[in-house]
Amino acid sequence: MHICVLGQGYVGLPLAVRAAEAGHTVTGYEPDRARCEALAAGSSYVEDIGDSRLRAVLDSGAYRASCDPQDLKGFDVAVITVPTPLTDRAPDLSCVRDAGRVLAEWIEPGATVVLESTTHPGTTRDVLIPLLEEGSGLVAGQDFHVGFSPERIDPGNADWRLENTPKIVAGLTEGCLRRVKDFYDTVTEVTVPASGLEEAELAKVFENTYRHVNIALVNELSRMAHTLGVDVWHTLELAATKPFGFTRFLPGPGVGGHCLPIDPVYLSHHVKARHGQTFRLIELAQDINESQPDYVVRRLQDALSRRFRRSVHGARVLALGAAYKPGTSDARQSPAVEVADRLRAMGADVTVVDPYLAVADGGCRDIPFTGTGADTATVADFDAVVLLTPHGEFDLVRLAAEAAYVLDTRGVMAAAPHIERL
């Protein structure tokens with residue numbers, strides 16, 4: 001089939017490449033010209049797709065990147081994988097609307113359109129379908145097929161990839177569902193049919209709401225445990241020995257990525273705007289997780305004052321990690337970036353190190369573990385180290401031996417007189 005994937009980011013590019021490898025002819029539509037040219041040259045900016053894998057599908061002719069809407073002509077299946085950010089703390093569906101308008105012109109009878117972008121229940125039916133029908137002059141569910149299949153991409157996860165992660169599929173009609181399922185059966189090992197569009201949309205935002213709420217719970221628990229003088233990390237290890245009724249979540253500097261800071265807001269905002277009801281647990285979790293970077297800064301501030309009788313202002317701080325999770329360059333909504341920004345705003349001299357990112361504003365990705373950068377500073381040159389993202393490349397043994405003080409926000413280092421865990 002001719003497959004068009006609109007949006008070639010963390011979700012769209014892996015899907016496009018996988019579809020090409022499965023034997024389809026794929027057009028990766030990316031309106032950003034610089035990104036499109038990079039893909040066409042075989043250079044991937046999505047780390048889950050290596051350059052060699054991208055070049056293989058380019059060389060075979062199964063995949064091409066395009067920023068020309070005319071290349072969408074004649075598609076059998078089109079999948080929309082565009083961003084759904086927040087603007088002024090409200091859902092922003094402008095990219096979905098833009099994609100729908102662009103796509104509508106090229107819909108032919110029998111074609112299938114699938115939305116993968118995360119959004120609130122009702123978006124496919126109430127937002128996307130009217131745009132597709134208006135632009136094409138065709139009737140959804142009668143002349144062409146429409147479905148929703150939420151993305152479950154976890155950047156940097158080598159165990160659970162697109163092809164082996166169960167894929168929820170939904171359709172406007174039974175016929176639509178069959179078409180959507182038939183396509184995803186060619187690129188994923190397991191498809192899970194949903195009874196309706198809204199159930200599939202709600203399942204996606206609930207998956208991330210579940211994580212968001214539980215992370216907020218352990219973040220607040222860690223604050224209370226610190227006040228009580230109790231080791232929250234050992235407490236969680238003990239609780240995790242229960243073989244039923246408990247799922248282990250861990251504290252951290254906050255939540256990041258596209259999903260957790262955003263998706264629950266889509267649900268709570270939609271319920272409030274449409275029905276005037278407040279999803280209180282989501283809003284409370286949002287407050288806790290959004291305040292976590294400030295809590296990290298306060299802990300560091302207290303430690304500098306208590307241990308060295310100095311303020312954050314003028315202190316040399318080494319911040320390890322800028323991505324929102326280990327093993328990835330994804331810094332979207334990263335709490336690590338927020339912590340560094342807050343420390344700088346307080347007058348700290350902050351050096352950010354991340355082996356996956358070329359960090360601006362005083363950061364050198366090579367220090368302090370290779371000593372081969374323009375900046376040859378060592379751990380001992382800093383007043384404090386805050387470990388924000390525990391990339392495997394960080395030498396934690398050397399860090400423990402050389403640092404004057406470490407605030408470990410991820411609980412990966414053994415507690416010691418000069419090492420505090422969040």
Side-chain angles (χ1 to χ4, degrees), residues 3-7 9 11-12 15 29 72 75-86 90-107 109-153 166-184 188 191-209 258-259 262-271 273-275:
I3 309 299
C4 292
V5 182
L6 285 76
V11 176
L15 176 62
Y29 178 71
L72 301 173
F75 72 83
D76 295 298
V77 177
V79 185
I80 297 173
T81 61
V82 298
T84 48
L86 296 176
D92 182 353
L93 296 176
S94 59
C95 291
V96 172
R97 292 189 175 93
D98 290 345
R101 293 186 187 100
V102 168
L103 198 57
E105 183 178 352
W106 308 105
I107 297 176
T112 300
V113 177
V114 184
L115 178 63
E116 278 208 13
S117 303
T118 303
T119 184
H120 57 71
T123 301
T124 307
R125 188 184 305 273
D126 300 332
V127 177
L128 180 60
I129 288 177
L131 291 172
L132 298 177
E133 291 182 331
E134 180 182 358
S136 67
L138 302 174
V139 178
Q142 177 178 309
D143 301 318
F144 67 97
H145 308 281
V146 179
F148 178 79
S149 181
E151 59 89 3
R152 280 175 165 170
I153 296 293
K167 197 79 167 76
I168 295 174
V169 292
L172 177 63
T173 66
E174 285 297 323
C176 293
L177 175 60
R178 283 194 298 271
R179 289 296 185 95
V180 174
K181 186 177 185 303
D182 285 347
F183 164 62
Y184 283 105
T188 61
T191 52
V192 183
S195 62
L197 296 170
E198 287 75 15
E199 285 77 10
E201 291 167 330
L202 181 58
K204 170 58 181 177
V205 289
F206 179 71
E207 290 171 11
N208 290 326
T209 298
H258 176 268
C259 295
I262 295 175
D263 295 356
V265 179
Y266 265 71
L267 181 56
S268 61
H269 185 278
H270 179 67
V271 170
R274 183 67 64 91
H275 301 288

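Because the structure is predicted, anything quoted here is derived from the model rather than measured. If you read the sequence from its start, that first residue is 1, and numbering goes on from there.
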Closest heavy-atom contact between [X] and [Y]?
X	Y	value
Ala140	Ile129	CB-CG2, 3.7 Å
Pro193	Leu177	CB-CD2, 4.3 Å
Pro109	Leu138	N-CD1, 4.0 Å
Val82	Ala99	CG1-CB, 4.2 Å
His270	Pro121	NE2-O, 3.2 Å

>> Taking side-chain contact (heavy atoms from CB on, under 4.5 Å) as the definition, give me every residue that meets it alongside Ala170, ordered by chain and number, with sequence neighbours left out.
In response: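 Checked Ala170 against side-chain contact (heavy atoms from CB on, under 4.5 Å); matches are Ala194, Leu197, Ala200.
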>> Tell me every residue that passes side-chain contact (heavy atoms from CB on, under 4.5 Å) with His145, counting only those two or more places apart in sequence or in another chain.
In response: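 Per chain and number, His145 pairs via side-chain contact (heavy atoms from CB on, under 4.5 Å) with Thr112, Cys176, Arg179.
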Can you find a pair of side-chain heavy atoms, one from [X] and one from [Y], that are under 4.5 Å apart?
X	Y	result
Ile107	Val113	yes
Ser149	Lys167	yes
Tyr184	Val79	yes
Glu207	Arg152	yes
Val169	Phe148	no
Leu128	Thr123	no
Val77	Cys4	no
Glu133	Val139	yes

Distance, nearest 0.5 Å, that separates [atom1] of [X] from [atom2] of [Y]:
X	Y	atom1	atom2	value
Asp126	Leu93	CG	CG	11.0 Å
Thr188	Ile168	OG1	CD1	11.5 Å
Leu15	Glu151	CG	CD	10.5 Å
Trp106	Tyr29	CH2	OH	10.5 Å
Leu72	Leu6	CG	CG	5.5 Å
Cys95	Ile80	SG	CD1	11.0 Å

> Given the rule in the side-chain hydrogen bond (donor to acceptor under 3.5 Å, both in side chains) test, do Glu105 and Ser136 qualify, once you have shown the distances and angles that lead to the verdict?
Replying inline: CA-CA 5 Å; Glu105 183 178 352; Ser136 67; over 6 Å; no
>> Would His269 and His120 count as a side-chain contact (heavy atoms from CB on, under 4.5 Å) here? Give the steps.
In response: CA-CA 9 Å; His269 185 278; His120 57 71; over 6 Å; no
>> Testing Val5, Leu115, Val114 one by one against Thr81 for a side chain to side chain contact (heavy atoms under 4.5 Å, CB included), which residue passes?
In response: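 Passing option: Val5.
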> How about Glu134: does its CD atom have over 12 heavy atoms from other parts shown lying under 6.0 Å from it?
Replying inline: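 For Glu134, atom CD is not crowded (no more than 12 foreign heavy atoms under 6.0 Å).
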> Is Ser117 reaching over with its side chain to a backbone N or O of Thr84, donor-acceptor style, under 3.5 angstrom?
Replying inline: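 Absent.
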